[in-house]
Amino acid sequence: MAVLGVLPYPNPFLRRQAQRVDTFDAALAAVVRDMEETMAARDGIGLAATQVGIDLRLLLLDPYALEGDAGRGKPNLVIINPEVVWESPEKQIGEEGCLSFPGVFIQVERPASVRIRARDVNGGTYEIRGEGLGARAILHEIDHLEGVVMIDHVSHLARRRALKKHERNQKALKSESKDADRERD
Ligand code: NI
């Protein structure tokens, strides 16, 4: 098992349309385990394979996103080849973050609820419904599989502001890791 590197925006891989999964084997299960470790290490509630440089229509969701406190301690949802089967006409606006934009939070409009059909790690088909944060998290992660990121959903001004903050954060991260290298020398 391994913690994988999460690609920061604007890594071009984040703009790919991911490939459908058609083999549900031990190798796929191993990818899922690595992604679970990565999501836990980075304190995320969702992670798309695209974000760790894996070209598959696969994402993980912490059940906390769907069920709140009742979901704590439950296994992550493994969502493969997801299709949105229904979206509510009602919208919600709320704060969104992304492991590819660490430290950046923006207000994004999404449908208030959504129903999706997906495959699990063994290839079985199931449907789930997400409301509020659940709908937001599902749609955010499905976007990643289409090469879409959260800043694509906001106004030009909000996008510019978010990108400025992101660049500052990335610079600070880089100089922190340089300092750490120096301390090791
Ligand atoms: Ni994201």
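Index from 1, following the sequence. Order of appearance sets the numbers: ligands from 1, and atoms from 1 within every ligand.
The shortest heavy-atom contact between Gln170 and Pro102 is OE1-CG, 3.7 Å. Between Ser88 and Ala112, the shortest heavy-atom contact is OG-N, 3.2 Å.
For the Ni ion (ligand 1), the set of protein N/O/S atoms nearer than 2.8 Å consists of Cys98 SG, His140 NE2, His144 NE2, ordered by chain and number.
Residues forming a ring pair (Phe, Tyr, Trp, His ring centres under 6.0 Å) with Tyr64 (at least two apart in sequence, or on another chain): none. Under the salt bridge (Lys or Arg N to Asp or Glu O under 4.0 Å) criterion, Asp69 pairs with Arg72, not counting sequence neighbours.
Identified under the side-chain hydrogen bond (donor to acceptor under 3.5 Å, both in side chains) test for residues 103-124, with sequence neighbours left out: Glu96-Arg110, Arg110-Asp143, Arg110-His153, Arg115-Glu127, Arg117-Glu127.
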Pair Arg57-Glu146, salt bridge (charged side-chain N to carboxylate O under 4.0 Å, His left out): steps then yes or no: CA-CA 9 Å; Arg57 300 184 79 78; Glu146 301 296 337; 2.3 Å; yes
